[in-house]
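All remarks here apply to the structure that follows.
These numbers come from a predicted model, not from an experiment. A, B, ... follow the sequence lines: proteins, then strands. Residue 1 opens every chain.
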Number of protein chains: 2
Amino acid sequence: MLSIGDLSKRTGVKVPTIRYYEQMGLLTAAERSEGNQRRYERHDLERLAFIRHARDLGLDISAIRELIALSQHPHQPCGNVDRIASDHLKSVRDKIEKLKKLEQELERIVSHCDGDHAIEDCYVIRSLSDHGLCDGEH
Amino acid sequence: MLSIGDLSKRTGVKVPTIRYYEQMGLLTAAERSEGNQRRYERHDLERLAFIRHARDLGLDISAIRELIALSQHPHQPCGNVDRIASDHLKSVRDKIEKLKKLEQELERIVSHCDGDHAIEDCYVIRSLSDHGLCDGEH
DNA sequence: TAGATATCTCCAGAGACTATAGGTTTGGAG
DNA sequence: CTCCAAACCTATAGTCTCTGGAGATATCTA
Ligand SMILES: [Zn+2]
Ligand SMILES: [Zn+2]
Ligand SMILES: [Zn+2]
Ligand SMILES: [Zn+2]
């Protein structure tokens, strides 16, 4: 039986975050000691590791909730699991695309400024004032 | 003299957002009509466009606040302006790097799942349970 | 058994908005 | 000029994923 602090040390997830995951329904409410403190078992450790890893991979709480629910039905086909992961991959790719466009604009903007002239002539300020100087949309 | 709705239509910034920018100190508090409604001039239109464009480029509110403050001193050198833009470019690049790593892991994970087997055997679920299957860190 | 540490619940804050409720002003039609 | 709908006002709460604090209680160690 682990206290919440033990669980925290073993998974690297902060104590308030563990309580938050419980509140969000990702962790089932833990058993309690006589004095009302949470007590965990290996099972909970594994689930918390799952949650943490999924979060590290960028999945949001509701996606993780779905995945946990699906994994409770081990004999069903994994189509929905696949869909959640694929959707997430797509959203990561979309974000990368957007950020690359930003990177290009910012590179252009920064490259025109040597940081050593008057602000009234600064290309950074002018670029921010006028989207017409940009190459693309954002 | 423009109403807040006019300003909104011309810049594409929603009315509550304009009020929010005022509250955050990005827009100086507008003049008011006799009945206490905000009235704007061209000057405000330009500043709002600046703010919007900076936000579209991903700068956060406090960076924009600094940029506005700096642009009030047009004869000073633009070193700080340059620094803000460069720092932001760096943070965009860092984000791209992180997302690319995620993309790789997710690609690997998704590619091992055809969406058509039992959840208990699903590689997606196994990968989420075990970071050891990942190639890198996140 | 005292004191130190850990835990409990509840609440607020971060960032950048967005939306609602309940009340007031404005602008145009009749 | 009067009336009404549309636009506006303020204040507050909700979004998302935590994180930190206050004040009270429990547990562990010496
Ligand atoms: Zn410059
Ligand atoms: Zn632009
Ligand atoms: Zn599968
Ligand atoms: Zn991993």
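Read 5' to 3', the first and last nucleotides of DNA chain C with an atom closer than 4.0 Å to a heavy atom of chain A are C:dT7 to C:dT9.
Using a distance-only test at 3.5 Å, with no hydrogens or angles considered, no donor-acceptor pair links the side chain of A:Gln37 to the main chain of A:Ser3. No side-chain donor-acceptor contact under 3.5 Å links B:Glu103 to the backbone of A:Val92. Remark: the backbone N or O of A:Ile84 is not paired with any side-chain donor or acceptor of A:Asp87 at under 3.5 angstrom. A donor-acceptor contact shorter than 3.5 Å is absent between the side chain of B:Gln76 and the backbone of B:Leu70. Without hydrogens or angle criteria, B:Arg47 side chain to B:Leu26 main chain gives a donor-acceptor distance under 3.5 Å.
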Do A:Glu107 and B:Arg93 pass the salt bridge (Lys or Arg N to Asp or Glu O under 4.0 Å) test, and can you show the C-alpha distance, the side-chain angles, and the key distance before you say yes or no?
CA-CA 10 Å; A:Glu107 259 171 11; B:Arg93 284 180 171 149; 2.6 Å; yes
Intermediate values then yes/no, salt bridge (Lys or Arg N to Asp or Glu O under 4.0 Å), B:Arg10 and B:Asp6
CA-CA 6 Å; B:Arg10 295 220 201 175; B:Asp6 296 333; over 6 Å; no
Produce the list of close N/O pairs, under 3.5 Å, pairing protein atoms with atoms of nucleotides 27-30 of chain D; give distances to one decimal.
from, atom 1, to, atom 2, distance (Å)
D:dT27, OP1, A:Ser33, OG, 2.8
D:dT27, OP1, A:Gly35, N, 3.0

Between the protein and nucleotides 14-18 of chain D, which nitrogen or oxygen pairs come in under 3.5 angstrom?
from, atom 1, to, atom 2, distance (Å)
D:dT17, OP1, A:Ile61, N, 3.4
D:dT17, O3', A:Arg55, NH2, 3.2
D:dC18, OP2, A:Tyr21, OH, 3.0
D:dC18, OP2, A:Arg55, NE, 2.4
D:dC18, OP2, A:Arg55, NH2, 3.4

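Every residue meeting the side chain to side chain contact (heavy atoms under 4.5 Å, CB included) condition with B:Ser91, not counting sequence neighbours, appears here in chain and number order: B:His88.
Evaluation of the ring pair (Phe, Tyr, Trp, His ring centres under 6.0 Å) test over residues 99-138 of chain B, restricted to residues two or more places apart or in two chains, returns A:His53-B:His131, A:His53-B:His138, B:His112-B:Tyr123, B:His131-B:His138.
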Can you give the donor-acceptor pairs under 3.5 Å from side chains of residues 13-25 of chain A to other protein atoms, not counting sequence neighbours?
from, atom 1, to, atom 2, distance (Å)
A:Tyr21, OH, A:Arg52, NH1, 3.0
A:Glu22, OE1, A:Arg38, NE, 2.8

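Between A:Arg19 atom CZ and D:dT19 atom P there is a gap of 13 Å when expressed in whole angstrom units.
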